[in-house]
Student: 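Supplied in structure tokens, the structure appears directly below.
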Amino acid sequence: MTKKVRIGILGTSEIAFRRFLPALMKCPEFTYVGVASRDLSRTAPFIEKFGGKGYASYDALLADEDIDAVYVPLPPALHFQWGKKALKSGKHIFMEKPFTTTSADTKVLLSLADEKGLAIHENYMFLYHSQLRWIEKQVRSGAIGDLRLIRAAFGFPKRADTDFRYNKELGGGALLDCGGYTVQLAEYLLGESTHVTAANLVCPDDYEVDLYGTATLENNAGQTAQITFGMDNSYKCELELWGSTGCLTANRIFTAPVDFAPVIDLRTGQRDEQLKLPADDSFRNSIQAFSELIHSPSERGAYVHNVRRQSDLTAKIVEISLKNS
């Protein structure tokens with residue numbers, strides 16, 4: 001029998017309480033140990049609802065030899081610092097996206113994980129939702145003919161000014177937040193040869209981070225993805241695949257809740273259909289994928305390669321945008 005992985009949480013964020021722990025409780029591969037905060041009183045709601053232990057500092061949790069892995073839901077600018085400390089403490093890392101705020105920092109952590117023989121996982125949950133497998137199968141089967149164009153959009157209305165997403169020092173910015181989803185999806189669909197051909201990030205005068213942006217990515221087969229994202233937009237969470245004989249649209253591709261049954265619009269010359277797919281728990285699936293990386297070291301190389309590529313694509317979007325500004 002495979003030994004359960006003992007996991008702790010660095011920080012008392014809302015996503016840890018509302019999404020991570022409910023999903024973790026469905027994963028028999030893990031045992032929840034506890035949560036750390038710089039203010040011990042903030043751990044009380046976690047202990048009351050989920051049990052476990054409260055740690056008065058992140059360092060105290062990392063020093064606990066009864067913990068094998070950590071979940072890091074801290075603001076992006078803190079991912080490198082605490083990811084590095086976690087790896088040096090011998091812990092596997094389940095990191096909220098983005099993995100770090102720069103390609104250079106990401107590569108340092110990936111190299112350190114390899115040196116220590118530890119697993120890392122970046123929590124882009126939507127990649128593990130069953131609707132994406134279904135969509136991919138439809139494309140492979142020729143349901144919309146030859147794929148001509150991918151369009152992906154993810155954006156949401158303006159949040160409070162105090163939100164870390166609008167704070168440069170905390171690793172804010174539309175590209176690192178909602179934009180990362182669209183980059184991930186474009187690369188997933190276009191494949192290994194994906195490269196950036198155009199990009200534009202918009203940082204209004206009264207903001208210190210990019211508030212919205214667009215990019216075009218292509219592969220060596222000439223297929224194109226147009227992505228758009230923003231943190232001061234009307235809500236969009238869409239994928240459109242335009243083919244030679246049809247079009248497929250998914251309107252909740254990035255954030256389908258646990259109990260949500262996705263609806264796919266499939267339009268061809270012969271028929272227009274709305275197809276209701278089964279609900280799925282993408283957060284649970286992402287945690288289970290992390291477990292597989294922990295228990296199957298041979299699988300880590302391919303995953304690390306993908307994380308590195310995604311980081312390079314994001315860096316290229318920034319580079320091209322700066323050249324055009």
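Only a predicted model underlies this, so the values are computations on that prediction, with no experimental measurement involved.
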Student: Nearest 0.5 angstrom please: His129 NE2 to Ser286 OG, how far?
Tutor: 12.5 Å
Student: Under 3.5 Å, side chain of Thr314 to main-chain N/O of Gln310, donor-acceptor pair present?
Tutor: yes
Student: Is it the case that Thr216 and Thr197 place a side-chain donor and acceptor less than 3.5 Å from each other?
Tutor: no
Student: Is Leu277 close to Ser130 at the side-chain level, that is, under 4.5 Å between some pair of heavy atoms?
Tutor: no
Student: Quick one, Arg309 and Glu187 - any side-chain contact, counting heavy atoms below 4.5 Å?
Tutor: yes
Student: Taking everything shown except Arg42 itself, do over 12 heavy atoms lie less than 6.0 Å from its CZ?
Tutor: no
Student: Among the clusters formed by ILVMFWY side chains lying less than 4.5 Å apart, do Phe156 and Ile15 turn up in the same one?
Tutor: no
Student: Counting neighbours of CG on Asp206 that are heavy atoms of other residues, nucleotides or ligands and sit closer than 6.0 Å, is the number greater than 12?
Tutor: yes
Student: Compute whether any side-chain donor of one residue and acceptor of the other, for Asp39 and Ser41, lie under 3.5 angstrom apart.
Tutor: yes
Student: Parallel, tilted or perpendicular: which fits the ring planes of Phe50 and Phe46, with parallel below 30° and perpendicular above 60°?
Tutor: tilted
Student: Can you check whether His295 reaches Val5 side chain to side chain, under 4.5 Å on heavy atoms?
Tutor: yes
Student: Does a donor on one side chain sit under 3.5 Å from an acceptor on the other, for Ser103 and Asp312?
Tutor: yes
Student: Identify the heavy atoms of Ala250 and Ile135 that sit nearest to each other, and give their distance.
Tutor: CB-CD1, 4.0 Å
Student: Salt bridge or not for Asp272 and Arg267, using N-O below 4.0 Å?
Tutor: no
Student: Above 12 or not: heavy atoms from other molecules or residues under 6.0 Å from OH of Tyr32?
Tutor: yes
Student: Tell me whether the count of non-hydrogen atoms from other residues, nucleotides or ligands lying under 6.0 Å of CD in Glu192 goes above 12.
Tutor: yes
Student: Can you tell me if Asp210 uses its side chain to pair, donor with acceptor, with the backbone of Leu175 under 3.5 Å?
Tutor: yes
Student: Please check if Ile7 and Leu87 belong to a single hydrophobic cluster, counting links between Ile, Leu, Val, Met, Phe, Trp and Tyr side chain heavy atoms closer than 4.5 Å.
Tutor: no
Student: Within a radius of less than 6.0 Å around CH2 of Trp242, do more than 12 heavy atoms belonging to other residues, nucleotides or ligands occur?
Tutor: no
Student: Do the rings of Tyr71 and Phe20 sit parallel, tilted or perpendicular, given the 30° and 60° boundaries?
Tutor: parallel
Student: Side-chain contact test, heavy atoms from C-beta onward, threshold under 4.5 Å: evaluate it for Pro75 versus Glu169 and give yes or no.
Tutor: no
Student: Is Leu170 linked to Val209 within one hydrophobic cluster, defined over Ile, Leu, Val, Met, Phe, Trp and Tyr using a side-chain heavy-atom separation of less than 4.5 Å?
Tutor: no
Student: Quick one: pull up OG1 in Thr182 and CD in Gln226 and give me the separation to the nearest 0.5 Å.
Tutor: 12.0 Å
Student: Parallel under 30°, tilted from 30 to 60°, perpendicular over 60°: which one fits the rings of Phe126 and Phe254?
Tutor: perpendicular
Student: Please tell me whether Tyr207 and Leu201 are part of a single hydrophobic cluster in this structure, the criterion being side-chain heavy atoms less than 4.5 Å apart.
Tutor: yes
Student: I'd like to know if Lys91 and Asp64 make a salt bridge, using a cut-off of under 4.0 Å between side-chain N and carboxylate O.
Tutor: no
Student: Specify the closest pair of heavy atoms between Ile67 and Tyr55, including all atoms of both residues, with the distance to one decimal.
Tutor: CD1-OH, 3.6 Å
Student: Would you find more than 12 non-hydrogen atoms of other residues, nucleotides or ligands less than 6.0 Å from Lys84 atom NZ?
Tutor: no
Student: Could you tell me whether the side chain of Thr194 and the main chain of Gly191 form a donor-acceptor pair under 3.5 Å?
Tutor: yes
Student: Please find the pair of heavy atoms, one from Gln138 and one from Leu248, that lie closest to each other, and give the distance.
Tutor: CB-CD1, 4.1 Å
Student: Could you tell me which non-hydrogen atom of Leu61 sits nearest to which non-hydrogen atom of Leu10, and how far apart they are?
Tutor: CD2-CD2, 3.9 Å
Student: Can you confirm whether Val202 sits close enough to Leu211 that some side-chain heavy atom of one is under 4.5 Å from a side-chain heavy atom of the other?
Tutor: no
Student: Quick one: does Leu189's side chain get under 4.5 Å of Leu239's, heavy atoms only?
Tutor: yes
Student: Report yes or no: is the cationic atom of Lys158 (NZ for Lys, CZ for Arg) under 6.0 Å from the centre of the six-membered ring of Tyr166, at an angle within 45° of the ring normal?
Tutor: yes
Student: Could you check Thr245 against Thr268 for side chain to side chain donor-acceptor pair (under 3.5 Å), going step by step and ending with a plain yes or no?
Tutor: CA-CA 6 Å; Thr245 61; Thr268 67; over 6 Å; no
Student: For the residue pair Phe94 and His121, does the interplanar ring angle fall in the parallel (under 30°), tilted (30 to 60°) or perpendicular (over 60°) class?
Tutor: parallel
Student: Do the side chains of Arg252 and Pro262 get nearer than 4.5 Å, heavy atoms only?
Tutor: no
Student: Is it true that a side-chain atom of Glu208 and a backbone atom of Lys168 form a donor plus acceptor pair closer than 3.5 Å?
Tutor: yes
Student: Is there a donor-acceptor pair closer than 3.5 Å between any side-chain N or O of Ser37 and the backbone N or O of Thr43?
Tutor: no
Student: List the steps, then state whether side-chain contact (heavy atoms from CB on, under 4.5 Å) holds for Leu293 with Glu299.
Tutor: CA-CA 6 Å; Leu293 290 169; Glu299 303 295 322; 4.2 Å; yes
Student: Between Ser111 (side chain) and Val108 (backbone), is there a donor-acceptor pair under 3.5 Å?
Tutor: no
Student: Report the C-alpha distance between Asn306 and Tyr188 in whole Å, list the side-chain angles of each, state the deciding distance to 0.1 Å, and finish with yes or no for side-chain contact (heavy atoms from CB on, under 4.5 Å).
Tutor: CA-CA 9 Å; Asn306 288 337; Tyr188 178 88; over 6 Å; no
Student: Within the distance-only criterion (no hydrogens, no angle test), does the side chain of Arg6 pair as donor or acceptor with the backbone N or O of Asp66 below 3.5 angstrom?
Tutor: yes
Student: Return yes if some donor-acceptor pair links the side-chain N/O of Asp265 with the main-chain N/O of Thr249 below 3.5 Å, else return no.
Tutor: no
Student: Can you tell me how far apart NZ (Lys116) and CG (Leu109) are? Round to the nearest 0.5 Å.
Tutor: 13.0 Å
Student: Quick check: closest heavy atoms across Ala77 and Gly171, and the distance to 0.1 Å?
Tutor: CB-N, 3.6 Å
Student: Heavy-atom distance under 4.5 Å between the side chains of Ile93 and Leu118, does that happen here?
Tutor: no
Student: Between Arg300 and Ile294, what is the shortest heavy-atom contact and its length?
Tutor: NH2-O, 2.8 Å
Student: Quick one: pull up CD1 in Ile227 and CZ in Phe154 and give me the separation to the nearest 0.5 Å.
Tutor: 13.0 Å
Student: Between CZ of Arg19 and OG of Ser13, what distance do you get to the nearest 0.5 Å?
Tutor: 12.0 Å
Student: Using side-chain contact (heavy atoms from CB on, under 4.5 Å), reason through Arg151 and Glu238 one step at a time and then give a plain yes or no.
Tutor: CA-CA 8 Å; Arg151 291 193 183 102; Glu238 298 176 353; over 6 Å; no
Student: If hydrophobic clusters are built by linking Ile, Leu, Val, Met, Phe, Trp and Tyr wherever their side-chain heavy atoms come under 4.5 Å apart, do Leu112 and Phe99 end up in the same one?
Tutor: yes
Student: Measure from NZ or CZ of Lys85 to the centre of the six-membered ring of Trp82, then state whether that distance is under 6.0 Å and the direction lies within 45° of the axis.
Tutor: yes
Student: Just wondering, more than 12 heavy atoms not from Arg148 lying within 6.0 Å of its CZ?
Tutor: yes
Student: Nearest 0.5 Å please: distance from the CD1 atom of Ile253 over to the CG atom of Leu127.
Tutor: 9.5 Å
Student: Just by modelled atom types, is the Met25 backbone N or O under 3.5 Å from a matching donor or acceptor in the Arg284 side chain?
Tutor: no
Student: Hey, mind stepping through Ile264 and Gln131 against side-chain contact (heavy atoms from CB on, under 4.5 Å) and telling me if it holds?
Tutor: CA-CA 9 Å; Ile264 306 296; Gln131 71 168 322; 4.0 Å; yes
Student: Using modelled atom types only, decide if a donor and an acceptor are shared between the side chain of Asp114 and the backbone of Gly117 within a distance under 3.5 Å.
Tutor: no
